[in-house]
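Below, each value reflects all heavy atoms present in this structure, side chains not excepted, and no hydrogens, waters or symmetry copies. Whatever order the structure lists them in is the order used to number ligands and atoms, beginning at 1. Everything numeric here is computed off the predicted structure, so don't read it as measured data.
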Amino acid sequence: MDRIVYLDNNATTAVAPEVFEEMQPYFSELYGNPSSLHSFGGNIAHKIEEARARLAALLGADEDEIIFTGCGTESDATAIHSALTTFPDKRHIVTSVVEHPAVLGLCEHLEGAGYQVTYLSIDEQGRLDLGELAEAVTDDTAIVSIMHANNESGVVFPLDDIAQIVKERGCLLHTDAVQSVGKLPLDMTDTPVDFLSLSGHKLHGPKGVGALFVRRGTAYAPLLLGGHQEDNRRAGTENVASIVGLGKAAQLAAQNMEQEQTRVRAMRDRLQEELLARCPDTIVNGADSPRLPNTLNISFGYIEGESITLMLDELGICVSTGSACSSGSLEVSHVIQRMKVPEMFAHGSIRISLSRYNTEQEIDYVIEQLPPIVARLRQMSPYGRE
Ligand code: PLP
């Protein structure tokens, strides 16, 4: 292959050409501040409203329920902060052990500040126990924050069932839908979440822009205070170009999601089947659970995911491994750990995540290149596989 085969789309995605085109004028001739009284700036405000309408349409939301933010992390923090601020007497949060660090890091910080956090467990297929959720929510719970789809395993949590349980208990529900928006259909009229986070760069929009859906009527307290932007709900001069880009990305996702995701799923399934057939001692994590159509988290026994990733990188194939290097040793990702993937497989986990821009030829190339890499690494493996 004479070009990069990019299969790390859960990390970030390519900006769609249509998105880039629509953003460009806002870096050059249309640089005004949308809050200005003069028409040069003020005229730009309508482009922000167009983006808001496009995003609202993708989510089945109303325009006034969308707040633009700086990223998915900020959206997550805003939702949780808002609940704790508007219900100051409630000191308990419910979340899951496999959330993104954007939520887990904040929850750990809040524990240090005296809040109590319940971390719901998952089973070996990456699934939540809804009975555990029902028991966890108490009168003291300010908010339940549970992701829609996991960034590493791709496992999709049953958002409607979660919402039913949480709303029956009269509690606020936030979902981090950063990985599912644009990949799975979402309709806020049917799914009674109070807050939903998303991020531009996961759906072929730009980096550094996100949004938070806040259901109309939900008590809300902003995280960033100061200016009157976003109807006093998020201070700071708008990142106009990126908001325009996110709006365009949302429009493209709404138009093409079903068709694109069917094609992406077929490519992912073919890749999965071929790798399982060609590589013995290999397991697919979360295979029996509902998964994002683009995600394959696969563990090759007796070898290390980092070595696979680096050897693929030499061939121009980009994938990722959940492991993080801590104090010189490789630690298996918290998601793989929580799924209790056996030790000999856990270290050999890689995440392959596709997008609408991948082709069948690229998948053929990976099917051709990856199994010999696995075989070669196993020959060198210190674990002495027979
Ligand atoms: N939540 C999930 C599930 C994610 O996958 C990510 C990004 O990887 C984030 C939150 C953070 O989004 P951002 O990079 O826009 O801050």
Report task. Please confirm whether G72 comes within less than 3.5 Å of ligand 1 when only nitrogen or oxygen atoms on both sides are compared. Result -> yes
Query - Identity and separation of the nearest protein heavy atom to atom 5 (O) of ligand 1 - result: Q179 NE2, 2.8 Å
**Report entry** Any donor-acceptor N or O pair under 3.5 Å, side chains K183, N10
**Finding:** yes
Query raised in the report: Is there a nitrogen or oxygen of N10 sitting under 3.5 Å from a nitrogen or oxygen of ligand 1?
Result: no
Query raised in the report: What's the shortest distance from atom 16 (O) of ligand 1 to any protein heavy atom, and which residue and atom give it?
Result: T73 OG1, 2.6 Å
**Report entry** Those atoms of ligand 1 less than 4.0 Å from some heavy atom in M147
**Finding:** 3 (C)
Query raised in the report: Does an N or O from S199, backbone or side chain, lie closer than 3.5 Å to an N or O of ligand 1?
Result: yes
Report task. Evaluate the criterion side-chain hydrogen bond (donor to acceptor under 3.5 Å, both in side chains) for residue pair Y302 and R378; output intermediate values, then yes/no. Result -> CA-CA 7 Å; Y302 311 100; R378 281 181 178 163; over 6 Å; no
Query raised in the report: Got a salt bridge between R54 and E22, using NZ or NE/NH1/NH2 to carboxylate O under 4.0 Å?
Result: yes
Query - Distance-only polar pair, side chains of T69 and R234, donor-acceptor under 3.5 Å - result: no
Query raised in the report: Can H201 be said to touch ligand 1, with heavy atoms closer than 4.0 Å?
Result: yes
Report task. Could you tell me whether the side chains of D176 and S197 share a donor-acceptor contact shorter than 3.5 Å? Result -> no
Query - Nearest-neighbour protein heavy atom for atom 4 (C) of ligand 1, which is reported as residue plus atom name and distance - result: H100 CD2, 3.2 Å
Query raised in the report: Quick one: are the ring centres of H204 and Y357 less than 6.0 Å apart?
Result: yes
**Report entry** Residues S349 and N297: side-chain donor-acceptor under 3.5 angstrom
**Finding:** no
Report task. Number the atoms of ligand 1 from 1 as they appear, then name those within less than 4.0 Å of a heavy atom of N151, with their elements. Result -> 3 (C), 5 (O)
Report task. Could you check atom 1 (N) of ligand 1 against the protein and tell me its nearest heavy-atom contact, residue, atom and distance included? Result -> D176 OD2, 2.6 Å
Report task. With sequence neighbours excluded, give me every side-chain hydrogen bond (donor to acceptor under 3.5 Å, both in side chains) pair touching residues 92-106. Result -> H92-T118, H92-T141, S96-E99
**Report entry** ligand 1 contacted by K202 (non-hydrogen, < 4.0 Å)
**Finding:** yes
Query - Proximity of E74 to ligand 1 by residue part, where a heavy atom lies under 4.0 Å - result: neither
